[in-house]
Structure formats: C-alpha cells, structure tokens
Amino acid sequence: MHEYTSTARVWGLSCPGFPEEVSRARRWTRDILRGSPLAEDAELIVSELSANAILHTASGLESGSFHLAVAVSAQVIALSVTDDGGASAAPKVDHRDEDAEHGRGLGMVSAIAHRVVVHDSDGGHTVTAELFMDVRRGEHPC
C-alpha cells in the first residue's frame, strides 16, 4: 500500500440547528453504518451529541448549525459533533441522578463509547466518541 493511502473513510454533514435535524443526523449515521454491529450505539451517540449541541450552544439559535463527522476504519468508528460555541463552559460529563430530565446525555455517551474526547474548535467545541470494533460495550481496550 502507498504510504499516503488511508484505509479510513470519512463522511461529513452540516445541519441547521433545528431539533428535527437530530433525527436527520441519526438516519444519516445509520445509513453509513448499515450492517455494522455498532450502528445502534453510533446512532444513539450521534443523537445525544447533536441534541446537546442544539440545546446548550449557539448551534440552536436561529442562524446556528452543528457539524457531524463519521470516520470508519477496521479498528474504530469515530463520531464527532462540532457546535457553534456560545456555551459558558466546555461540555463535560455530569453524574446526575437517574431521574434527572436533563444533563445525563454526555454521561450516557461516555458509558457507551470506549473513549470520549472534548476539544475547542473554531469558537465552539467538538465532542468525539470512539467505538472500537473489537471491544464490547462496557469493556475498555488495554
């Protein structure tokens, strides 16, 4: 193989910050990952991260948007959602009571994904959740 050839495939989608776009992002992810044993987990992660972007950042304002990237290789599925910023703090996992109506999304993503990374991105934040192909839910790679 040529040294600059990658076996990873990457897709990107930009969505206006309307609540109905969360289901669009979920369907788009499902279509990309059709047949993967991790497709349902990926759909749930994308749904939570997209909803968080709309609810907690400028992505949910009238001219807001969020951006989704899905990268797939033989080893990992990486799901990234980038928001438009405007939140007072970076997204973080809150350990809320199970009866809480809000604030549990990123905790749920962290429980499903094998790794979650949050970093600054052009005035907003990007949350990336990784699902490793050869590790089952609840397990973490060595």
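Quick note: residue numbers are just sequence positions, from 1.
A pairwise comparison of heavy atoms in Val46 and Arg26 identifies CG1-N, 4.1 Å as the closest pair. The two atoms that bring Ser65 and Ser59 nearest to each other are O-OG, 2.6 Å, heavy atoms only. When all heavy atoms of Asp83 and Ala53 are compared, the pair lying nearest together is CB-CB, 3.9 Å. Of all heavy-atom pairs between Ala25 and Leu13, the closest is CA-CD2, 4.3 Å. Taking every heavy atom of both residues into account, Leu79 and Leu49 meet most closely at O-CD1, 4.3 Å. The shortest non-hydrogen separation linking Thr128 to Ala78 is CG2-CB, 4.3 Å.
Distance check: Phe132 CZ to Leu38 CG gives 11.0 Å after rounding to the nearest 0.5 Å. Expressed to the nearest 0.5 Å, how far NE2 of His56 lies from NE2 of His125 amounts to 13.5 Å. Between Trp11 atom CH2 and Leu33 atom CG the span is 7.5 Å, to the nearest 0.5 Å. A distance of 7.5 Å separates CD of Glu62 from CZ of Phe18, quoted to the nearest 0.5 Å. Considering CH2 of Trp28 and OG of Ser50, their distance stands at 9.5 Å, rounded to 0.5 Å. Taken to the nearest 0.5 Å, the CD atom of Glu48 stands 3.5 Å off from the CE atom of Met108.
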Fill in: Test log, rule side chain to side chain contact (heavy atoms under 4.5 Å, CB included), inputs Ile77 and Ser36
CA-CA 10 Å; Ile77 296 172; Ser36 168; 3.9 Å; yes
Practice prompt. Please step through side chain to side chain contact (heavy atoms under 4.5 Å, CB included) for the pair Ile45 and Ile112, ending with a clear verdict.
Written response: CA-CA 8 Å; Ile45 288 169; Ile112 295 169; 3.9 Å; yes
Worksheet item: Please walk me through it: do Thr29 and Leu68 pass side chain to side chain contact (heavy atoms under 4.5 Å, CB included)?
Response: CA-CA 9 Å; Thr29 302; Leu68 173 61; 3.8 Å; yes
Discussion item. Let's go through Glu43 and Arg30 carefully: what are the C-alpha distance in whole Å and the side-chain angles of both, what is the deciding distance for side chain to side chain contact (heavy atoms under 4.5 Å, CB included) to 0.1 Å, and is it a yes or a no?
Written reply: CA-CA 6 Å; Glu43 275 186 72; Arg30 180 177 52 236; 2.9 Å; yes
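Other residues, nucleotides and ligands contribute over 12 non-hydrogen atoms within 6.0 Å of the CD atom of Glu20.
Proximity of a side-chain donor or acceptor of Ser110 to a complementary backbone N or O of Leu106 within less than 3.5 Å is detected. Looking at His67, its side chain never comes within 3.5 Å of a backbone N or O of Ser14 through a donor-acceptor pair.
The closest side-chain heavy-atom distance from His119 to Ser80 is not below 4.5 Å.
One hydrophobic cluster holds both Met133 and Val116 under the rule that ILVMFWY side chains link at heavy-atom gaps under 4.5 Å. Transitive grouping of hydrophobic side chains (ILVMFWY, heavy atoms separated by less than 4.5 Å) brings Ile54 and Val118 into a common cluster.
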